[in-house]
K.L.:
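Structure incoming, see below.
Every number for a ligand or one of its atoms is a count from 1 in the order of the listing. In this chain, numbering begins with 1 at the start of the sequence shown.
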Amino acid sequence: MTKKDFISLADFTQSELEQIIALAFKLKKEPHSLIAANKHLAMIFEKSSTRTRISFEVAINQLGGKAVILNTQDMQLGRGETIADTAKILSRYVDLIMIRANKHQDVITLAESADIPVINGLTDFNHPCQLLTDIFTYIEHKGSIKDKLVAWLGDGNNMCNSWLNAALIFGFRLNLAIAKGYYPDQNLLARARAANLVNIYEDAKSAAKDADLITTDTWVSMGDQDSAARKEAFSKFQVTEELMSLAKADAIFMHCLPAHRGEEVTAEVIDGRQSVVFTEAENRLHVQKAIISFLLSNK
Ligand code: CP
Ligand code: NVA
């Protein structure tokens, strides 16, 4: 069997992703297994992380394996050793690689040169582990996401691209309220538009109306230039209680975290009754265990 990587949700069929989600529900109930007994997961970080790093380490431990955590600056990779050589070396030592990288292409290059599965733990382009977790979290709270309405507010960043990918696979509608000049990936947007799944709004209220889920992310992603102009451009897309009141009465609020209360979301919303952000963060653990299990069984 050829090895399978986890680089984008678009590389999977809906049925494969549903298989991973079903396994994640099972692993949430029964956390310990020996699916990855004696397997080693190398984790490479080119940028900061709290949730991804901890949840992957706990995940591989609960599956009977071990993690090796690497920062690029401590590796020869940070001194110019090629990604391809690094991939070949890691393939001789460990069984899986998770990488959080600045450039999406670097993850693709790593996967092409590695004999073992590579998991994308966030790039400038997307964040598939988070998005699959978000779909899991939606299903856990509200059932199937098909034909539901998701409102995304703020920046057309890596998370927004991942929501577009997910809409194309799971068949939900996406309302985007995004500042001009900060639109998501043009190809993804065109595909979602062709499938009649996406609408772009200039005002947050129209996007939030009747939504089943409201979600947002930081206005300054890792690698972005933090500027007053940037925050000004996003200021009218803040998720407030007033905005939540326009969504369906049982709508939920999600955020991949880390959050900036008073910027993209008010404290009242993120700490309020409709917010599921801490369960969403917990679910990274369960879903990533399922991703690891799926990739190991496909190797
Ligand atoms: N949501 C997420 O990926 O969080 P970290 O940056 O803390 O890993
Ligand atoms: N868009 C954010 C997500 C962090 C998990 C970033 O890339 O920094």
K.L.:
Suppose I only count heavy atoms of T50 and a 4.0 Å limit; which atoms of ligand 1 are within that range?
P.N.:
5 (P), 7 (O), 8 (O)
K.L.:
Can you tell which part of L122 has a heavy atom less than 4.0 Å from ligand 2: side chain, backbone, both or neither?
P.N.:
side chain
K.L.:
With heavy-atom distances below 4.0 Å as the criterion, list the atoms of ligand 1 near L257.
P.N.:
1 (N), 2 (C), 4 (O)
K.L.:
Please check whether T218 reaches ligand 2 - meaning an N/O of the residue sits under 3.5 Å from an N/O of the ligand, judged on distance alone.
P.N.:
no
K.L.:
For residues F237 and G154, report the shortest heavy-atom separation together with the two atoms involved.
P.N.:
CB-N, 3.8 Å
K.L.:
With the threshold set at 4.0 Å, does a side-chain nitrogen-carboxylate oxygen contact exist between E242 and K205?
P.N.:
yes
K.L.:
Sort out for me which residue in L149, L174, V150 forms a side-chain contact (heavy atoms from CB on, under 4.5 Å) with L213.
P.N.:
V150
K.L.:
Considering non-hydrogen atoms of the protein only, which is the closest contact for atom 4 (O) of ligand 1, and what is the distance?
P.N.:
R51 NE, 2.8 Å
K.L.:
What atoms of ligand 2 come within less than 4.0 Å of a heavy atom belonging to L257?
P.N.:
5 (C)
K.L.:
Cluster question for you: counting only ILVMFWY and a side-chain heavy-atom cut-off of under 4.5 Å, with indirect links fine, are L164 and I200 together?
P.N.:
yes
K.L.:
If you have a sec, work out which protein heavy atom is nearest atom 6 (O) of ligand 1 and how many Å separate them, to one decimal?
P.N.:
R100 NH1, 2.8 Å
K.L.:
Strictly under 4.0 Å, does any heavy atom of K47 approach an atom of ligand 1?
P.N.:
no
K.L.:
List the atom of L27, the atom of L63, and the distance in Å for their closest heavy-atom pair.
P.N.:
CD2-CD2, 4.3 Å
K.L.:
Looking only at distance, does N158 have an N or O less than 3.5 Å from an N or O of ligand 2?
P.N.:
yes
K.L.:
Could you say whether the N/O atoms of C256 and ligand 1 ever approach to under 3.5 Å?
P.N.:
yes
K.L.:
Checking H255 against E264: is there a side-chain donor and acceptor pair closer than 3.5 Å?
P.N.:
yes
K.L.:
For ligand 1, note which part of L122 has a heavy atom under 4.0 Å away: side chain, backbone, both or neither.
P.N.:
neither
K.L.:
Between H255, M222, K47, flag the one that comes closest to atom 8 (O) of ligand 2 by a heavy atom.
P.N.:
M222
K.L.:
Using a 3.5 Å cut-off on N or O atoms only, is R284 in polar contact with ligand 1?
P.N.:
yes
K.L.:
Inspect the contact between D210 and K248 and indicate whether a charged nitrogen and a carboxylate oxygen are less than 4.0 angstrom apart.
P.N.:
no
K.L.:
Would you say the side-chain atoms of Q225 and R230 include a donor-acceptor pair closer than 3.5 Å?
P.N.:
no
K.L.:
Answer yes or no: is there an ion pair linking E263 with K231, defined by an N-O contact shorter than 4.0 Å?
P.N.:
yes
K.L.:
If you measure every N/O of D217 against every N/O of ligand 2, is any gap under 3.5 Å?
P.N.:
yes
